[in-house]
Structure formats: C-alpha cells, structure tokens
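Okay, so here's the structure we're looking at.
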Amino acid sequence: MSGHAARTATADVVCLGESMVTFLPSQPGRLADVPSFGRGIGGAESNVACALAAGGHRAKWVGRVGADGFGDHLVDTIADYGVDTSAVRRDAGRPTGIYFRTAADRATDTHEVAYYRAGSAASAMSPHNVPYEDLFATRILHLSGITAALSADCLALLHDLTAPRDGRPLISFDVNHRPGLWRDGEAGPEVLLALARRCDLVFVGEDEAEEAWGVHGTEAIRAVIPEPDVLVVKRGAEGVTVYARTGSGAAEDTVTTVPSLRVDVVAAVGAGDAFAAGFLSATLRDLPVRDRARHGHLMAAAVLTVPGDLTGPPPRAYADRLAALDDEAWGTLRLGPGWTAAPGANEEVRVT
C-alpha cells in the first residue's frame with residue numbers, strides 16, 4: 001500500500017454503497033407462500049464494513065438512507081457492529097430501500113428476490129451530496145459495481161471516485177455484476193469493466209467475468225483488467241487466483257492460487273462480502289498474498305457456517321494460526337458450525 005499517500009486517515013477502510021432492510025422468510029418456499037418474515041440488513045459494502053469492524057479495524061460506512069424507521073434500523077444495526085456511521089446522510093424525500101428473499105440458495109432456480117429500491121435514498125447519491133472528506137480520509141476506499149447500477153448519479157459518483165488524483169487512498173472494487181439492476185439500454189458490463197480498470201484492488205468471480213465479458217479463465221480475465229496492482233479472481237470451490245504486481249512500476253505479476261476450504265455450509269449467503277473483508281483485513285496488515293487469500297477464505301467460512309449474512313470473525317490469533325498452516329494441513333482442514341470459537345492455547349488446530 002506504499003504507493004498511496006492518502007490524507008490523514010481517520011479510518012482503515014471506508015465502504016460506500018446502499019444498505020437495505022432485508023426480510024428473511026420464516027420457512028422455505030415461494031415468496032407467495034411464505035407467511036411471515038424476520039428483519040435483517042443487507043448491503044455488500046456495509047457487510048464488508050461490519051466484518052472489518054468486528055475484526056478490530058476502524059471501519060466507516062458512507063451511504064444515504066431515508067428519514068424513516070427502516071433508516072433508523074439500518075444505521076443503528078450497522079453501528080452496533082462497531083462501524084462509524086457518522087457520515088451517513090438522511091434523505092427526507094426518499095425512502096430506505098428494502099427487499100424480500102426466499103430461503104433457497106441464490107444459485108438455484110427456486111431463489112427469489114423482490115427489491116423495493118427504485119427511487120431510494122441511496123440511489124440519489126452523487127458527487128454533489130456525498131462527503132468526500134470522509135471518503136478519502138482512509139487507507140482503503142471500498143466500492144462495488146452494485147452502486148454503479150443504481151442510477152446515473154451513482155455511476156457519476158463512482159466514475160469520479162475512481163479517477164486518478166493525488167493522495168487518493170487505495171481503491172478496492174468488487175465487480176458484483178447484477179444484470180437485473182441495470183436499466184434498459186445501459187451497457188452494465190462495459191461500465192463495470194471501465195471502472196475496474198481504474199482501481200487498485202479488484203475482486204471478480206470467474207463466472208461473472210464470463211457472463212459479463214465473455215472471457216473464460218484467470219489469464220483471460222487478467223488480460224482484460226491489466227491495470228490494477230492486485231486482481232483477485234474468485235473460482236468458487238476451486239479457490240482464488242491472485243495476480244499481484246511485485247513492486248512499484250513492476251510490469252509482471254506474481255500469480256498465487258489458494259484453494260478453498262472444506263466447509264459444512266449452513267447458508268450460502270454473504271460469502272463474497274466476507275471474503276473481501278478478510279482479504280482487506282490482511283492487506284491492512286501487509287500480510288503476504290497467500291495469507292491475504294487464506295484470511296478471505298476463513299472469513300467466508302465464518303459466514304457460511306451461520307444462517308445470516310453477517311457474523312463475528314474468529315479471533316485474530318486463531319485465524320493467523322490457521323492461515324499459517326502448511327499446504328497439506330490447509331488442504332485437510334474442515335470447518336463447520338461453531339468453528340470460530342478458538343481452541344485453547346494447548347489444543348491443536350483441528351484437521352480431518
């Protein structure tokens with residue numbers, strides 16, 4: 001991170017984006033058949049902020065919510081994780097976004113999501129109403145492609161934030177291609193590619209890169225996104241491949257592939273945001289690339305072994321012990337519900 005002479009940092013990571021109140025079904029089935037829903041929160045960027053704050057980092061979430069009860073709930077809940085919400089703005093003329101989803105895995109045909117976010121307070125974010133002094137007083141500014149899809153003003157904001165400028169923090173960008181969010185006639189894939197190429201650290205799924213840009217394989221993805229110093233290609237059960245420049249001005253990458261963990265999954269939601277949080281946490285600590293990816297996998301495993309999108313991470317010392325395992329031990333590690341409770345000092349890390 002030495003190449004980024006950011007302003008005096010009041011946060012380790014600032015995350016900008018829309019957070020919504022999410023309604024979770026009381027039982028499986030179609031939305032038409034679910035009799036009741038429990039209330040939670042959802043938002044890629046606020047999820048990352050919550051995970052980082054729970055892990056001991058100074059995290060700030062910047063967004064806009066309505067001057068309504070749902071906005072109160074969002075701000076209070078995110079703040080309860082230890083996130084600084086002082087830069088969140090309230091909009092008296094627009095509502096807080098909400099959505100409902102089914103219990104089915106997002107990867108299945110039976111999964112349904114009903115969004116009520118059109119005209120939301122967050123969709124009105126623009127270069128003219130977001131506090132830039134908060135966005136740039138950080139070591140890392142984390143953004144995602146979801147924000148770009150919300151409105152023309154939101155896209156203008158991301159375009160401005162990713163522009164080259166003196167003293168900007170390291171810009172982290174999760175592509176998060178969501179075809180259903182883009183407005184008719186807008187070239188979402190091209191917009192996301194252009195934004196990714198302006199950032200310093202980019203997360204993208206191998207499957208979403210193929211869907212968005214028609215490229216297959218990690219080398220082909222790197223070829224279309226050559227500019228970022230670090231490119232993290234998420235490959236599902238195969239793990240991740242990280243392309244990282246070896247130093248300032250370096251033209252060649254060091255390529256590191258880190259296998260995924262075996263996880264007894266409780267709910268397949270929130271893993272991508274958790275991985276980004278773990279990777280960013282290890283980046284803040286200047287850990288080697290392999291360990292950054294392993295901390296990403298561990299944070300994802302923490303979320304995958306609980307029912308919701310958010311959970312507390314394992315104690316840092318325990319996560320460090322697991323990340324330091326040799327390749328054979330890492331490959332035989334299996335994590336299930338309750339694994340984040342660290343074993344005693346004299347107990348061995350469990351491998352199976």
Side-chain angles (χ1 to χ4, degrees), residues 12-22 24 40-57 59-63 74 77-78 80-83 85 97 99 101 105-107 111 113 115 117 122 140-150 171-178 181 192 196 199 201-208 230 232-236 240 260-261 263 265-284 292-314 319 340:
D12 294 323
V13 180
V14 170
C15 301
L16 168 80
E18 179 173 34
S19 191
M20 295 178 291
V21 173
T22 176
L24 310 174
I41 66 170
E45 301 85 2
S46 60
N47 284 349
V48 172
C50 288
L52 285 164
H57 296 285
K60 178 180 287 189
W61 171 58
V62 177
L74 275 176
T77 303
I78 293 169
D80 284 345
Y81 278 89
V83 176
T85 58
Y99 72 98
R101 68 172 174 84
D105 187 334
R106 290 172 181 165
H111 181 66
V113 181
Y115 288 108
R117 74 199 305 180
I140 298 175
L141 174 60
H142 180 68
L143 310 169
S144 98
I146 293 173
T147 304
L150 297 181
I171 305 294
S172 167
F173 182 71
D174 193 334
V175 171
N176 267 331
H177 177 45
R178 301 288 187 270
L181 291 182
L192 294 175
C199 297
L201 164 58
V202 172
F203 301 94
V204 64
E206 190 172 33
D207 54 348
E208 69 180 339
V230 178
V232 182
V233 182
K234 298 176 289 185
R235 303 168 59 211
V240 298
S260 294
L261 290 161
V263 178
V265 176
V266 172
V269 293
D273 301 332
F275 180 91
F279 194 96
L280 291 175
S281 173
T283 298
L284 287 164
R292 297 181 194 189
R294 284 188 171 187
H295 276 279
H297 285 317
L298 289 165
M299 192 77 86
V303 168
L304 289 170
T305 51
V306 298
D309 289 29
L310 290 167
T311 189
T340 55

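- Annotation: side chain of Ser172 is not in contact with side chain of Leu141 (no heavy-atom distance under 4.5 Å).
- With rounding to the nearest 0.5 angstrom, the OH atom of Tyr81 is 13.0 Å from the CG atom of Leu52.
- Residues Asn176 and Ala44 approach most closely at ND2-CB, 3.8 Å, considering heavy atoms.
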Please evaluate residues Val21 and Tyr99 with respect to the criterion side-chain contact (heavy atoms from CB on, under 4.5 Å), reporting the C-alpha separation (whole Å), side-chain torsions for both, the decisive distance (0.1 Å), and the verdict. CA-CA 7 Å; Val21 173; Tyr99 72 98; over 6 Å; no

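- Taking the side chain as every heavy atom from C-beta outward, Phe203 and Phe173 never approach each other to under 4.5 Å.
- Contact detail for Val83 and Ala53: the closest heavy-atom pair is CG2-CB, 3.7 Å.
- In this structure, Arg292 and Val232 have side chains that are not in contact, with every pair of non-hydrogen atoms separated by 4.5 Å or more.
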Set out, in order, the CA-CA distance, both residues' side-chain angles and the distance that settles side-chain contact (heavy atoms from CB on, under 4.5 Å) for Asp174 and Glu45, then state yes or no. CA-CA 9 Å; Asp174 193 334; Glu45 301 85 2; over 6 Å; no

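- Gly17 and Thr147 make their closest contact through CA-OG1, 3.6 Å (heavy atoms, listed as atom of the first residue, atom of the second, distance).
- By the 4.0 Å N-to-carboxylate-O rule, Lys234 lies too far from Glu206 to be salt-bridged with it.
- Residue Leu261 holds its CG atom at 6.5 Å from NE2 of His297, rounded to the nearest 0.5 Å.
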Is there a side-chain contact (heavy atoms from CB on, under 4.5 Å) between Ile140 and Asp12 once you walk through the steps? CA-CA 6 Å; Ile140 298 175; Asp12 294 323; over 6 Å; no

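- Counting only heavy atoms from C-beta outward, the side chains of His57 and Ser281 approach each other to under 4.5 Å.
- In this structure the side chain of Ile171 reaches within 4.5 angstrom of the side chain of Leu143, judged on heavy atoms.
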Show, in sequence, the C-alpha distance, side-chain angles and deciding distance for Val265 and Thr305, and conclude whether the side-chain contact (heavy atoms from CB on, under 4.5 Å) test is met. CA-CA 5 Å; Val265 176; Thr305 51; over 6 Å; no

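- With rounding to the nearest 0.5 angstrom, the CG atom of Asp273 is 8.0 Å from the CG atom of Leu310.
- Two residues are said to be in side-chain contact when any heavy atoms from C-beta on lie closer than 4.5 Å; Val240 and Val233 fail this criterion.
- In plain terms, the two heavy atoms of Val202 and Ala196 that are nearest each other are CG2-O, 3.5 Å.
- Smallest separation of non-hydrogen atoms from Ala49 and Ala59: O-CB, 3.4 Å.
- When all heavy atoms of Leu304 and Ala271 are compared, the pair lying nearest together is CD2-CB, 3.8 Å.
- Distance check, rounded to the nearest 0.5 Å: CE of Met299 to OG1 of Thr340 gives 11.0 Å.
- Aromatic ring centres of Phe279 and His295: separated by at least 6.0 Å.
- Interatomic distance, CZ of Arg294 versus OG of Ser260, reported as 12.0 Å (0.5 Å rounding).
- When side chains are defined from C-beta on, Leu24 counts as touching Arg101, because their heavy atoms get closer than 4.5 Å.
- Side chains of Glu18 and Leu150 form a contact here, defined as non-hydrogen atoms less than 4.5 Å apart.
- Annotation: the span from Trp61 atom CH2 to Ile78 atom CD1 amounts to 4.0 Å, rounded to 0.5 Å.
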